[in-house]
Enquirer: 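The structure that follows is given in the form of structure tokens.
Residues: numbered from 1 along the sequence shown. Each ligand, and each atom within it, is numbered from 1 in the order the structure gives. The shown structure was predicted, so the numbers you read here are calculated from the model rather than taken from an experiment.
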Amino acid sequence: MRKGMDVLSIHDLSAEDVEEILTLAEELKAKQRAGIPHLLLQGKTLGMIFEKSSTRTRVSFEVGMYQLGGQALFLSSRDLQLGRGEPIKDTARVLSRYLDGIMIRTYGHERIEELARYADIPVINALSDLLHPCQALTDLLTIREYKGRHLAGLKMAYVGDGNNMTHSLMYAAAKVGMHFAAATPEGYAPHADIVANARADAAATGSTVTVMHDPLEAVQGADIIVTDTWASMGQEAEHDARTAVFRPYQVSRSLVAASGNPRCIVMHCLPAYRGEEITEEVFEEFAPVIFDEAENRLHVQKAIMALVMGG
Ligand code: CP
Ligand code: NVA
């Protein structure tokens, strides 16, 4: 990966970039476990702009910077002048004078693109309404731990809302040659332009990206089933209406069995809403995978930061 580059979308990364991130994440995870120092970002500072809530992303980026020998600043938009209307392009140019990297979680993806355009330092997308690349890269690391390093040819099925996670998982799967099938209700499909981009990447790696409405069809032969909340941040007012529409998309024991694969695993980026997108029993059965997935945010983001902010 090129030092100084932004990480806004997995679609912008090469297959080699993805491999480099995962390999370094594995190395940093092993070092962390063994207590071997890996101070790759000594003296560096990351600014973390949050316009939405977070547990995992905030804590894992902040702790990750400390473990790499640097420091992190939590910048809530409630406190920044950004929250009072200072333009994002001015915020970008000011923060570039103080920091070595910016991580941002916001609503419109175009805000992240604008920040990146005006910042002289690397910008990392920590979730927008459109994409959540750090989570999907983390999911690839977790799948490697459970299914082996060779991801090409595996099948991931996503069941639920066609949201930021669907988009980034589709990009991630296509980049590494994993087949991807999404089942979403009518009116909640992933964006057509993202599906088209993912299909172009899939053509290069010999994999497929399919979108459909039938969850039973999507999970057939799946090695991994993934779901996510039915109402993402910013969609709280739609919660009840969505719950009615999404009911047939709940990841239950019978849906997992419909994969026909006794070794199929279930993943969830969290936070999870039991009784909605996933049943309590499926969540608890796959809790070891799901909490490894949560832990791996730390290792993957450390790798990303070390690669784009290091040197
Ligand atoms: N999965 C994830 O991004 O979690 P947070 O919203 O807690 O950061
Ligand atoms: N789709 C969810 C992911 C949360 C990590 C959201 O955007 O709220």
Side-chain angles (χ1 to χ4, degrees), residues 7-10 25 46-65 72 74-77 102-112 124-143 156 158-172 182-185 188-191 194 224-239 242-243 245-246 249-251 266-274 276-278 283 286-287 289-302 304-305:
V7 180
L8 307 191
S9 166
I10 296 172
L46 175 78
M48 309 192 300
I49 302 176
F50 281 93
E51 299 191 317
K52 284 176 172 171
S53 306
S54 170
T55 296
R56 282 144 288 272
T57 305
R58 177 185 173 176
V59 177
S60 56
F61 266 104
E62 196 163 333
V63 169
M65 273 307 282
F74 175 67
L75 305 169
S76 162
S77 59
I102 306 174
M103 180 237 82
I104 176 166
R105 165 169 287 199
T106 188
Y107 293 87
H109 189 70
E110 63 287 348
R111 285 176 73 70
I112 303 189
I124 300 171
N125 176 1
L127 183 146
S128 67
D129 288 344
L130 197 67
L131 297 169
H132 196 2
C134 293
Q135 181 70 55
L137 288 164
T138 294
D139 293 357
L140 293 182
L141 177 66
T142 312
I143 296 167
M156 173 184 282
Y158 177 92
V159 179
D161 184 27
N163 62 14
N164 44 14
M165 278 311 305
T166 327
H167 294 151
S168 283
L169 287 169
M170 186 182 291
Y171 278 161
T184 62
Y188 296 93
H191 290 198
I194 293 197
I224 306 110
I225 296 175
V226 189
T227 190
D228 183 21
T229 181
W230 291 338
S232 285
M233 288 180 274
Q235 298 171 336
E236 288 79 5
E238 298 173 35
H239 176 266
R242 283 172 167 263
T243 304
V245 175
F246 281 87
Y249 294 82
Q250 184 180 68
V251 176
V266 175
M267 297 177 68
H268 195 306
C269 66
L270 302 174
Y273 300 88
R274 294 160 168 86
E276 296 189 13
E277 75 274 7
I278 191 164
F283 184 92
F286 293 97
V289 182
I290 292 168
F291 292 106
D292 281 349
E293 184 184 358
E295 177 190 331
N296 284 337
R297 291 292 300 278
L298 173 70
H299 310 299
V300 167
Q301 290 159 189
K302 281 167 72 179
I304 293 170
M305 291 189 289

Enquirer: Is the shortest heavy-atom distance from the side chain of Asp161 to the side chain of Tyr249 under 4.5 Å?
Expert: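 Side-chain contact under 4.5 Å: no.
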Enquirer: For ligand 2, what N or O to protein N or O distances fall under 3.5 Å?
Expert:
{"from": "ligand 2", "atom 1": "1 (N)", "to": "Asn163", "atom 2": "ND2", "distance (Å)": "3.4"}
{"from": "ligand 2", "atom 1": "1 (N)", "to": "Asn164", "atom 2": "OD1", "distance (Å)": "2.8"}
{"from": "ligand 2", "atom 1": "1 (N)", "to": "Asp228", "atom 2": "OD2", "distance (Å)": "2.6"}
{"from": "ligand 2", "atom 1": "1 (N)", "to": "Ser232", "atom 2": "OG", "distance (Å)": "2.7"}
{"from": "ligand 2", "atom 1": "7 (O)", "to": "Asn164", "atom 2": "ND2", "distance (Å)": "2.8"}
{"from": "ligand 2", "atom 1": "7 (O)", "to": "Ser232", "atom 2": "OG", "distance (Å)": "3.4"}
{"from": "ligand 2", "atom 1": "8 (O)", "to": "Met233", "atom 2": "N", "distance (Å)": "2.8"}

Enquirer: Just jot down the side chain to side chain contact (heavy atoms under 4.5 Å, CB included) partners of Ser60, sequence neighbours excluded, or say none.
Expert: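 Ser60 satisfies side chain to side chain contact (heavy atoms under 4.5 Å, CB included) with Arg297, Leu298, Gln301 once adjacent residues are dropped.
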Enquirer: Apply ring-ring contact (aromatic ring centres under 6.0 Å, His included) to Tyr171 and list each qualifying residue two or more places apart in sequence or on a separate chain.
Expert: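 So Tyr171 forms a ring-ring contact (aromatic ring centres under 6.0 Å, His included) with His11.
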Enquirer: Under a 4.0 Å heavy-atom cut-off, what residues line ligand 1?
Expert: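 Shell around ligand 1 (4.0 Å, heavy atoms): Ser54, Thr55, Arg56, Thr57, Arg105, His132, Gln135, Cys269, Leu270, Arg297.
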Enquirer: Would you mind checking if Asp129 and Arg111 are paired as a salt bridge, meaning a charged N to carboxylate O distance below 4.0 Å?
Expert: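 No salt bridge links Arg111 with Asp129.
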Enquirer: Under a 3.5 Å threshold, yes or no: a donor from one side chain and an acceptor from the other, between Thr142 and Asp139?
Expert: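 Not at all, the side chains of Thr142 and Asp139 share no donor-acceptor pair under 3.5 Å.
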Enquirer: Going by the angle between their ring planes, with limits at 30° and 60°, are His191 and His167 parallel, tilted or perpendicular?
Expert: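 Taking His167 first and then His191, their aromatic rings stand perpendicular (interplane angle over 60°).
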Enquirer: Roughly how far, to the nearest 0.5 Å, is the OH atom of Tyr107 from the CE atom of Met233?
Expert: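 One gets 8.0 Å once the value is rounded to the nearest 0.5 Å.
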Enquirer: Working to the nearest 0.5 angstrom, can you tell me the gap between Asn164 CG and Thr229 OG1?
Expert: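 The distance works out to 10.0 Å.
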Enquirer: Would you name the heavy atoms of Thr227 and Val159 that are closest together and state the gap between them?
Expert: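 Nearest heavy atoms, Thr227 then Val159: OG1-O, 2.8 Å.
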